[in-house]
Amino acid sequence: MTQADTSVDFLRGIIADDNRTGKFGGRVVTRFPPEPNGYLHIGHAKSVCLNFGIAEEFGGVCHLRFDDTNPSREEMEYVNSIQEDVRWLGFDWGENLFFASDYFDQLYEYAIKLIESGKAFVCDLSADEVRDYRGSLVEPGKESPYRNRSIEENLSLFRGMRAGDFGEGEHTLRAKIDMAAPNLNLRDPVIYRILKQAHHRTRDEWPIYPMYDFAHGQSDSIEHVTHSVCTLEFEDHRPLYDWFLDELDIYHSQQIEFARLNITHTVLSKRRLIELLNGGYVTAWDDPRMPTISGLRRRGYTPEALRNFCDRISVARRDNTVDIALLEHTLRDDLNQKSPRVMGVLDPLKVVIENYPEDKVEDIISTNNPEDPSMGERNVSFSRVVYIEKDDFREIPPPKFYRLSPGKEVRLKDAYYITCNSVVKDEITGEVVELRCTYDPDTFGGTSADGRKVRGTSHWVSEESAVDAEVRVYDHLFTTEYPDDVEDGGDWKDNINPDSLVVMKNAKLERGLNHAKPGERFQFLRQGYFCVDKDSTPESPVFNRTVPLRDTWARFARSNT
RNA sequence: UGGGGAUUAGUCCAGUGGUAGGACGCCUGACUCUGGAUCAGGAAGCGGAGGUUCGAACCCUCCAUCCCCAGCCA
C-alpha cells in the first residue's frame, strides 16, 4: 500500500474529525454552488469532485445549488450547461437541485429580522460615498450618517425598497457591524441592493436582491449543509458568514476554504475565458482549446480522466499551479486502456510500391488494442499506392533516425517491409512529393522468415481505401507555462500560442472512419488520441487531436538540433 | 504601513518530535511490429536565522517571500 492510499487531505481530515466528535451528528451534506454566469471549467471540476466525492465517501449527499442572486449577468443557458457538465462528470444530485432564488422570501424575512434586532439599516449613501466611507486597508472607515435610523424607519424604508418605490442606487440595506474593523468585509457591508432587472427564474417579482454574503451562508443553513467548501478568497468572508448565522440564530454550517486550481499553459478565470471568447482567440465556450468542461469534452477528454486528475492533485490550502503534463498523463492513462487503434496519416506522402501488382488489394489483419485483446481485430486494405506520414521519411536521415530514407527498409505496420529506391521531387520547389519503393512479398504481416531486424515501423493508409478527412491538431493555448509571465507593458494574451490549432485538411484515414460518430475516440497509431468532432459528417469527417502520444523521438530530435 | 492565509525536489501532494515519501516531469537502461504502452534504475527538496530537546520539516521566537481583501460581483 502506498502513502497515497492511506493519507487524506486536510478537508477529509476535518470531516472525519467532525464525525468523530459528533459535531454534525455524523451527517455530511456538501454543496456545489456555481453562479450561472458562465460555463464550468476544470477549476470547477476540482470543486465538483471534492464536494460530490466527499459526500459519496462519507455516506452523505451533495446539493447542486445555483447562486443566482445577480440577475444582471445570469442566464438559463448557463444553468443548463452547468447541469449537463456535472452530470457528464459522473455526479448525481438526485432531488437536491436548488437555487438561491428559491430562498428570496426567506432571505427577505431574515433581513427584516436583522433590522428588528437593530443589526441592519437602510443607507442612502451612493456607491461612491459608500466607498469613501469604507476607509482603506490601513485606515478605519466612517459610519454612515444613516446608521442610526430608527427600527421603524428602517423597516418602512426596506419595505419600500421591496415594493419597488425607489430607483436603483437610491438605498441599500446594510448590516450594522463595525466601520473600524480591520477586516473590510465587516465594515457595514451592503446586504441588499435595488436592481430593477428581470431574474431568469423569479422574473420581475423582486426589485431588490441579496448580496452573496447575505445569501450564501443562509442558503447553506436552510439546506442544513454541514461543510460549506469554498475557495481561499472567501476566507475573509467567513467572519461575516458566521456573523449572519449567529445573529439570525439559525442552523450553522461550517465554511472551509481550499486553494483553487491553476494549470500551466492555460488560464482559468471566468473573466479571461470570456476575454478569449470575445477577442476571437477561440470560437466558443466549447472550443476544444478551452479549459471548460465542455471544451475538454469536445476535445476528447473522458470524465474518468478528469476525475482521476482531481484525485491526483488532491487539495490543500497553498496556492498551486499544476503542470498540465499531469492532466495529459491522466488522460493518456485512461485513453490508452480504452481507445481502439487505427491508422491515420495527417500529412500524407505518396508511396508507390513498384513491384506490387496494379489492381491487387489485400486485407491486412490489425489488432484493435494491444492493451486489451478483447477489443478484437479488424481488416485494413493494402494496395500498390499508400500514404505514409511526411515525417516518416527523410532524404538525408539524421542520426538515430529509424524511419524511411533512400535505400532503407522499414515495416508498414502489419503489412510488409518496403525499401525506398528513389524519390520524386517537385520540379519547382524541390519538395519530395512521392517515394518509389519495392516491397518484400515474404514479409506479409510485418515479419520476415529470416528474422532480419527492421527498426522502423510506419503507419500507412492505402490510396484506394483512404477516407479523406480534416484533422484539427490542438496544442496548449499558451506558449508559456505561466501566461502572466510577460515583458513590461505586455499582456497575458501576448503568450497565446499562434499554433494552438493547426488544421490538417488532407488527412488520409483508414477505411470506415467516416462512419465514426461524433465523440468516438481512437488512437491514431504512433500519433495520439483523436475524437470525432461534432462538426463531422460521413461526407466530410472531422477529427480533433485530444492529446499526442509521448514522443521520445521528437524530444531526442529537438534536443539534438 | 491594516487584516487574513501560505511556504517540503522543476510541479502537485503526504509526512505534525525518532533514518524525508508518492505522483507527474526529467535522465539511464531493458523490452517492443506504435520511437506508444510496460518494466528496472537514477538525479532532485524541508525559505532563513536563532532557541527548546538526547533528537526538530514538525514546538517557540524573529526575519524573508508569495497570495487574498478597499463591488450596490460571486
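Keep in mind it's a predicted model, so treat the numbers as computed, not measured. The chains referred to below are lettered A, B, ... by the order of the sequence lines, with proteins before strands, and numbering in each begins at 1.
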- Query: Whole Å only: how far is the CG atom of A:Asn70 from the C1' atom of B:A74?
  - Reply: 8 Å
- Query: What does A:Thr321 touch in the nucleic acid at a heavy-atom separation under 4.0 angstrom: a base, only the sugar-phosphate, or nothing?
  - Reply: sugar-phosphate
- Query: Starting at the 5' end of RNA chain B, which residue's closest nucleotide do you reach first, A:Phe10 or A:Arg411?
  - Reply: A:Phe10
- Task: Would you please classify the geometry between the A:Tyr108 ring and the A:Phe158 ring as parallel, tilted or perpendicular, with 30° and 60° separating the classes?
- Result: parallel
Check residues 40-50 of chain A and write down every donor-acceptor pair under 3.5 Å in which the side-chain atom is one partner and the other belongs to a residue at least two apart or another chain.
from    : atom 1 : to       : atom 2 : distance (Å)
A:His41 : ND1    : A:Gly43  : N      : 2.9
A:His41 : NE2    : A:Leu268 : O      : 3.0
A:His44 : ND1    : A:His41  : N      : 2.9
A:Lys46 : NZ     : A:Ala259 : O      : 2.7
A:Ser47 : OG     : A:Asn51  : ND2    : 3.3

- With sequence neighbours left out, write down each residue that passes side-chain contact (heavy atoms from CB on, under 4.5 Å) with A:Ala507, or none if nothing qualifies. A:Val471, A:Leu509
- What do the steps show when you test A:Asp188 against A:Lys119 for salt bridge (charged side-chain N to carboxylate O under 4.0 Å, His left out), and what is the final call? CA-CA 10 Å; A:Asp188 293 4; A:Lys119 298 292 187 175; over 6 Å; no
- If we take the P atom in both B:C63 and B:G22, what is their distance in whole Å? 37 Å
- Item | Electrostatic pair A:Glu389:A:Arg403 at N-O distance under 4.0 angstrom | no
- Spell out protein contact along nucleotides 34-39 of chain B as letters: B when the base is contacted, S when just the sugar-phosphate is, - when no protein heavy atom is under 4.0 Å; keep the 5' to 3' order. BBBS--
- Protein-nucleotide distance (A:Tyr482, atom OH; B:G10, atom P), rounded to Å: 11 Å
- Query: Side chain of A:Ala316: nearest nucleotide among B:A23, B:C13, B:C73?
  - Reply: B:C13
- Task: For B:C24 versus B:C62, give the span between their C1' atoms, rounded off to a whole number of Å.
- Result: 37 Å
- Task: Determine: side-chain N/O of A:Arg555 to OP1/OP2 of B:C26, distance under 4.0 Å, yes or no.
- Result: yes
- Between B:C67 and B:C58 - C1' atom distance, rounded Å: 23 Å
- Is it the case that A:Arg193 places NZ or CZ above or below the six-membered ring of A:Tyr209, under 6.0 angstrom from the centre and within 45 degrees of the axis? no
- Message: In dot-bracket form, 5' to 3', how is RNA chain B paired? Count Watson-Crick and G-U wobble pairs only if both distances fall under 3.5 Å, and write | where the partner sits on another strand.
- Response: .((((((..((((....[..)))).(((((.......)))))....(((((..]....))))))))))).....
- Message: Tell me the interatomic distance from A:Glu139, atom CD, to B:U1, atom P, rounded to whole angstroms.
- Response: 15 Å
- Is B:G71 in the syn range, within 90° of 0, or in the anti range? syn
- Name all pairs fulfilling the side-chain hydrogen bond (donor to acceptor under 3.5 Å, both in side chains) condition that reach into residues 158-179 of chain A, sequence neighbours left out, sorted by first residue then second. A:Asp124-A:His171
- Carboxylate-amine/guanidinium contact A:Lys142 A:Asp132, below 4.0 Å: no
- Message: If you compare all heavy atoms of A:Pro348 against all heavy atoms of A:Lys508, which two are closest, and at what distance to 0.1 Å?
- Response: CG-CG, 3.8 Å
- Message: Could you work out, with side-chain contact (heavy atoms from CB on, under 4.5 Å) as the rule, every residue matching A:Ser374, not counting sequence neighbours?
- Response: A:Asp372
- Message: From CZ of A:Arg73 over to P of B:G71, roughly how many Å is that when rounded to an integer?
- Response: 15 Å
Expected rows: protein N/O vs nucleotides 44-48 of chain B N/O, under 3.5 Å:
none

- Item | B:G47 and B:C13, which share atom name P, separated by this distance in whole Å | 14 Å
- Item | Carboxylate-amine/guanidinium proximity below 4.0 Å for A:Arg307 and A:Asp311 | no
- Message: Heavy-atom nearest nucleotide on RNA chain B for A:Ala325 versus A:Ala127: which residue maps closer to 5'?
- Response: A:Ala325
- Item | Which residues share a side-chain contact (heavy atoms from CB on, under 4.5 Å) with A:Pro145, sequence neighbours left out | A:Leu125, A:Tyr133
- Flag the pair A:Glu223 and A:Arg31 as a salt bridge only when some basic side-chain nitrogen lies within less than 4.0 angstrom of an acidic carboxylate oxygen. no
- Query: Taking atom P of B:A74 as reference, at what distance in whole Å does atom CG of A:Leu40 sit?
  - Reply: 18 Å
- Would you indicate what A:Val315 reaches in the nucleic acid, counting non-hydrogen atoms under 4.0 angstrom: base, sugar-phosphate, or nothing? sugar-phosphate
- Run the ring-centre check on A:Tyr416 versus A:Phe382 and record whether the distance is less than 6.0 Å. yes
- Query: Quick one: side-chain contact (heavy atoms from CB on, under 4.5 Å) partners of A:Ser366, sequence neighbours excluded?
  - Reply: A:Arg378, A:Asp414
- Message: Tell me whether the side-chain N/O atoms of A:Arg174 come closer than 4.0 Å to OP1 or OP2 in B:G71.
- Response: no
- Message: With rounding to the closest Å, how many angstrom separate the C1' atoms on B:G15 and B:A57?
- Response: 8 Å
- Determine, for nucleotides 65-70 of chain B in 5'-to-3' order, which nucleotides have protein heavy atoms under 4.0 Å from the base (write B), from only the sugar-phosphate (write S), or from neither (write -). --SBBB
- Please work out if A:Ser314 contacts a base, only the sugar-phosphate, or nothing of the nucleic acid, heavy-atom cut-off 4.0 Å. sugar-phosphate
- Who passes salt bridge (charged side-chain N to carboxylate O under 4.0 Å, His left out) against A:Glu57, sequence neighbours left out? A:Arg12
- Task: Pick base, sugar-phosphate or nothing for A:Ser458, based on heavy-atom distances below 4.0 Å to the nucleic acid.
- Result: nothing
- Item | Integer angstrom distance from the C1' of B:G45 to that of B:G10 | 11 Å
- Message: At less than 4.0 Å, is any side-chain N or O atom of A:Arg318 found next to OP1 or OP2 of B:U8? Yes or no.
- Response: yes
- Message: Just the rounded figure in Å: distance from P of B:G5 to CD1 of A:Ile256.
- Response: 15 Å
- Task: Please measure how far the P atom in B:A14 lies from the corresponding atom in B:A23, and state the result in whole Å.
- Result: 16 Å
- Message: Does A:Leu335 reach a base, just sugar-phosphate, or nothing at all? Heavy atoms under 4.0 Å.
- Response: nothing
- Message: I want to check one thing: is the phosphate of B:C13, taken as OP1 and OP2, less than 4.0 Å away from some side-chain N or O of A:Ser7?
- Response: no
- B:C39 and B:A74: how far apart are their C1' atoms, nearest whole angstrom? 49 Å
- Nearest-angstrom distance from the residue atom CZ of A:Arg317 to P of B:C13: 13 Å
- Query: Could you give all pairs that pass the side-chain hydrogen bond (donor to acceptor under 3.5 Å, both in side chains) test and reach residues 257-267 of chain A, with sequence neighbours left out?
  - Reply: A:Glu233-A:Arg260, A:Arg238-A:Glu257, A:Gln255-A:Glu257, A:Glu257-A:Arg317
- Item | A:Arg558 CZ - B:G25 C1' separation (whole Å) | 13 Å
